[in-house]
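Counting begins at 1 with the first residue of the sequence. In each ligand, atom 1 is the first atom listed, and ligand 1 is the first ligand listed.
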Amino acid sequence: MRLSDEVQYVKWIGPPGAELLARLNILTVRDLLWHAPRRYEDRAQFRNILDLQHGEWATIRGAIIGADNMATSRKNFIVTQILIRDANGGVATITFFQRPHLLKRFDGIRQRGSNIIVYGLAKKLGYGPVELERAEWEEDKDSKDSLSHGRIVPVYPATEGLPQDRIRKMVDSVLKTAVPTLHENLPPEIILKYRLLARQEAARQLHFPTTLAYAEAGRRRFVFEEFFLMQVAIARRHVHRTQFETGLPFKFNSKQIADELTQISAFAPTKAQSRVIEEIRGDVTSGKPMNRLLQGDVGSGKTYVALAAILMAVRSGFQAAIMVPTEILAQQHAIVMKRWLEPLGIQSLLVTGSLKVAERESARKLTSTGMVDVVIGTHAIIQEGFEFKNLGLSIIDEQHRFGVLQRQALMGSGLGRHVLVMTATPIPRTLTMTIFGDLDTSILDELPPGRIPIKTHWKKPTDSESVYHSLRKLLDQGRQAYVVCPLIEESEKKQAKAASQLAEQIQTSLLPEYRIGLLHGQMKIADKDEVMRKFKEHEIDILVSTTVIEVGIDVPNASVIIIEDADKFGLSQLHQLRGRVGRGEHASFCILIGDPTTEEGQMRLQTMQDTQDGFRIAEVDLEIRGPGEFFGTRQSGAPVFAIGDVIVDKAIMEETRDAARQLVKSDPDLVRPEHTALRQAIAAAESRIRLASVS
Ligand code: ADP
Ligand code: MG
């Protein structure tokens, strides 16, 4: 039996069982073996009902001494109640709502003279019998059934029509048939050093443990295995990149670039910017390809760092490309870059999906002949198969907005080329280790000087009118404002409509004497451009917008952002939106309007009020949403592990990374005989691992 075999061929399961398992996404022997129990119940010792304390979870066993369906005062609402007495005479009740058909099954259990096993939360009020709430139960069918009886019993994530005892039988069967063929895939030195269970033993203990400690050891072994395979793959790639690949060596005059930067920019770099620029210089001149992740909170000045990197490329005779996730951002970058680069005689070009056919052809030609040095655009650059004459540097800005596949395509094209990935979403370390295991990281941990912290206020919708009213003062002082309309997830169209309605309302009744602009995703590119240009040049006072302004937009004179229905936005998103203001020398304000009904919503707004630290905000966000959501589920590129959890099992992740680095250092190609099984396991898992690492 092989791990990749379908479960229908396993004894005891067959096609009917396979159909049920498919509902749990269990298709193969591997899936079933790695279907880890959700928890365990110690049925070696059932609790004495008389000893149960209020508020504790417990498993009891006893006979059903009464069962009945009862009507309630609510029409058509039926309650089923059973009474259970255990061997010591203690009595407990369980109540079920709207499941009258259960009564027949309870009667059956009574008639057969069987016991019932119940796991639940004890509730003890007054003098009545203990009530077990949120109960799970099953018939204590047969004391010969050693899988559900007299031992520590696994409880699995289950589904309708597939009771626990049936899953247990299936798992037992797969353990009997498949485990003897499970090969050890971790090298002996690793097993010894990290005190791991052997693979076969771990499989048995994971499902039917001798003690709870063994259950944990079984799980640990498999989490270790999952993480380790990935970390070895990452470590090998890293070694390969740093030792064997040659990067295009940039040769430029550092003094010249420093002078040019001074000449074209109005400010001096911050210490952090200088440090990161120096790190990049080290990479691109090293002869190895650069693979660097730059994390910097909104407004920390990543664009300037990108500019410096671009100059290094261009002054070494190479082309450079910047890719961003939205057209608006591409246009903005194009304007900024042009302003910087043109005085130096460097040609830049904007490429987006909305170029006309003739424009695209001309852009293609300019790029492939090397007539332009810098191409700025959306992923249209790769989609349209743009060819460069001699591309030396790719920069990906605001990477968190790209899906993992786009990211792979962006990074994976072109050997030896230097890649700089920039993000404003601080990524916790355990996640960088998994998603970007192969990247070096730099952090811009300093904001440009003179920034006045943004004042954030949380207001109730009833205060809305006075919020808009007090906007007048700032507008009259010559400032500008953003207003973000409520989030509507159903459709782009409805979202656009909401934005225009809000704009209309502000124009007609709230602030008629000001110039209002409107921006949303359904507008034509040319119209969007025009609105952005007007806002930049202060021909518009208030820009009413959807979240299209979320990333990167930079209008320093805008000092207020009002976010309607703020509690509906994600925390990181709110932080990004707030980052639109506080970019100039003016005191800035972020007004969150919302009346959250959930605790989570309140926590989001409270956190926004309390801190402006992007790393802190990301941490809270991760806590609230978990890693999958945090990176926008499926597309996120956060690898999906069968058992391990990158947050909960953080310590194991770190262990495996160290172990992997050490092993790869001593045997980079895994050619030693004791590493053969490991090499094969990684090859077999490659498709799963590849998703985990982008480079
Ligand atoms: P990010 O992309 O990191 O969010 P930007 O690159 O858009 O930030 O920079 C935000 C603003 O700060 C821009 O207006 C930029 O011109 C300005 N800026 C960048 N670096 C400095 C600096 N060293 N001193 C003063 N202003 C700076
Ligand atoms: Mg930016």
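Contacts of D554 with ligand 1, taken as heavy-atom pairs under 4.0 Å, involve the side chain alone. Counting heavy atoms closer than 4.0 Å to ligand 1, residue A268 contributes backbone atoms (N, CA, C, O) but none from C-beta onward.
Near S300, meaning under 4.0 Å from any of its heavy atoms, are these atoms of ligand 1: 3 (O), 8 (O). Less than 4.0 angstrom separates some heavy atom of P269 from each of these atoms of ligand 1: 23 (N). Set against the non-hydrogen atoms of T270, the atoms of ligand 1 under 4.0 Å away are 23 (N). Of all atoms in ligand 1, numbered sequentially from 1 with element shown, those under 4.0 Å from a heavy atom of T303 are 2 (O), 5 (P), 6 (O), 7 (O).
Judged by the shortest distance from any of its heavy atoms, G296 lies outside the 4.0 Å radius around the atoms of ligand 1. Ligand 1 lies nowhere less than 4.0 angstrom from a heavy atom belonging to G579.
Across Q273, M422, R451, E446, heavy-atom proximity to atom 11 (C) of ligand 1 is greatest for R451. Considering only non-hydrogen atoms, atom 7 (O) of ligand 1 lies nearest to R583 out of Q295, E585, R583. Evaluated by nearest non-hydrogen atom to atom 1 (P) of ligand 1, the leading choice among H333, R580, K302, K271 is K302.
Between L294 atom CG and L420 atom CG the span is 6.0 Å, to the nearest 0.5 Å.
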Side chain to side chain contact (heavy atoms under 4.5 Å, CB included) assessment of Y482 paired with S545
CA-CA 7 Å; Y482 296 98; S545 165; 5.7 Å; no
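Of the candidates D613, D297, D621, H575 forms a side-chain hydrogen bond (donor to acceptor under 3.5 Å, both in side chains) with just one, namely D297.
With F386 as the aromatic partner, R364 meets the cation-pi criteria of under 6.0 angstrom to the ring centre and within 45 degrees of the ring axis.
Considering backbone and side-chain N/O of P449, none are found under 3.5 Å from N/O of ligand 1.
Put simply, the side chain of S588 gets close to the backbone of G582: a donor and an acceptor are under 3.5 Å apart.
Here the two rings, on F388 and F318, have centers that are 6.0 Å apart or farther.
Using a cutoff of 4.0 Å between basic side-chain nitrogens and carboxylate oxygens, K365 and E361 are not scored as salt-bridged. With salt bridges taken as basic N to acidic carboxylate O contacts below 4.0 Å, one links E530 and R533.
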